[in-house]
Amino acid sequence: MSVLLNPLGPDLRLLVSLAAWTWPGARPDGREAAHILITCASTLAGQATAETAEARMRRLSASLGGLADARDVVPELERCLQIVGDHVLLHVPGVSRQLRLPTRRPWTELVAHNGEAVLLLGLDPLPQTADAARVDVYLDAALAADRLLFGRARTR
């Protein structure tokens, strides 16, 4: 993936190391919602510590407009999701390319219907090879340790 960067935006090493998962789930009010989890896939080939990975994920959060922790009101982010056919792309301000999210048709249709998805940024690394069970364990641990940031990513 080639990416041109604004000096204030996320750096190239972070963008090429992102891991993403998507799934449908329930909102607190019981309605169905699309969810996106984005983490660093690793500590960037040993060149960064966990603290550096967290700092980069917080910088990504700031670039998207600032996500909140679990105790705060979940912010509505600027329009950062784009649907192209069966694909959903995440636009990060300051980056010329978009991150293509892993999708299936029913999830993409849910994003299109709702006009948004719940975006979770994990502050701790998780390899892209993690299966659903490992992602669930990660989410439970990250939520308990206050290591997730939340936002509502919009398509319109």
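Side chains are part of it too, since the values below use all heavy atoms of this structure and drop only hydrogens, waters and symmetry mates.
- Hydrophobic clustering, defined by side-chain heavy atoms of Ile, Leu, Val, Met, Phe, Trp and Tyr closer than 4.5 Å, leaves V73 isolated from every other such residue.
- Annotation for V84: hydrophobic cluster partners, listed by chain and number, are L89 (ILVMFWY side-chain heavy atoms under 4.5 Å, direct or chained).
- Every residue meeting the side chain to side chain donor-acceptor pair (under 3.5 Å) condition with Q82, not counting sequence neighbours, appears here in chain and number order: Q98.
- For R152, the salt bridge (charged side-chain N to carboxylate O under 4.0 Å, His left out) criterion is met by E76, E116, not counting sequence neighbours.
- For D131, the salt bridge (charged side-chain N to carboxylate O under 4.0 Å, His left out) test picks out no residue, with sequence neighbours left out.
- Counting only residues at least two apart or in different chains, ring-ring contact (aromatic ring centres under 6.0 Å, His included) contacts with residues 16-38 comprise W23-H35.
- Annotation: salt bridge (charged side-chain N to carboxylate O under 4.0 Å, His left out) contacts involving residues 63-75, sequence neighbours excluded, comprise D69-R71, R71-D146.
- Considering only residues two or more places apart in sequence or on other chains, R58 meets the side chain to side chain donor-acceptor pair (under 3.5 Å) condition with E54.
- By the side chain to side chain donor-acceptor pair (under 3.5 Å) test, N114 pairs with no residue at all, sequence neighbours left out.
- Applying the salt bridge (charged side-chain N to carboxylate O under 4.0 Å, His left out) rule to D136 yields no partners; only residues at least two apart in sequence or on another chain are considered.
- Listed by chain and number, the residues in a salt bridge (charged side-chain N to carboxylate O under 4.0 Å, His left out) with E109 are R105 (sequence neighbours excluded).
- For H91, the ring-ring contact (aromatic ring centres under 6.0 Å, His included) criterion is met by no residue, not counting sequence neighbours.
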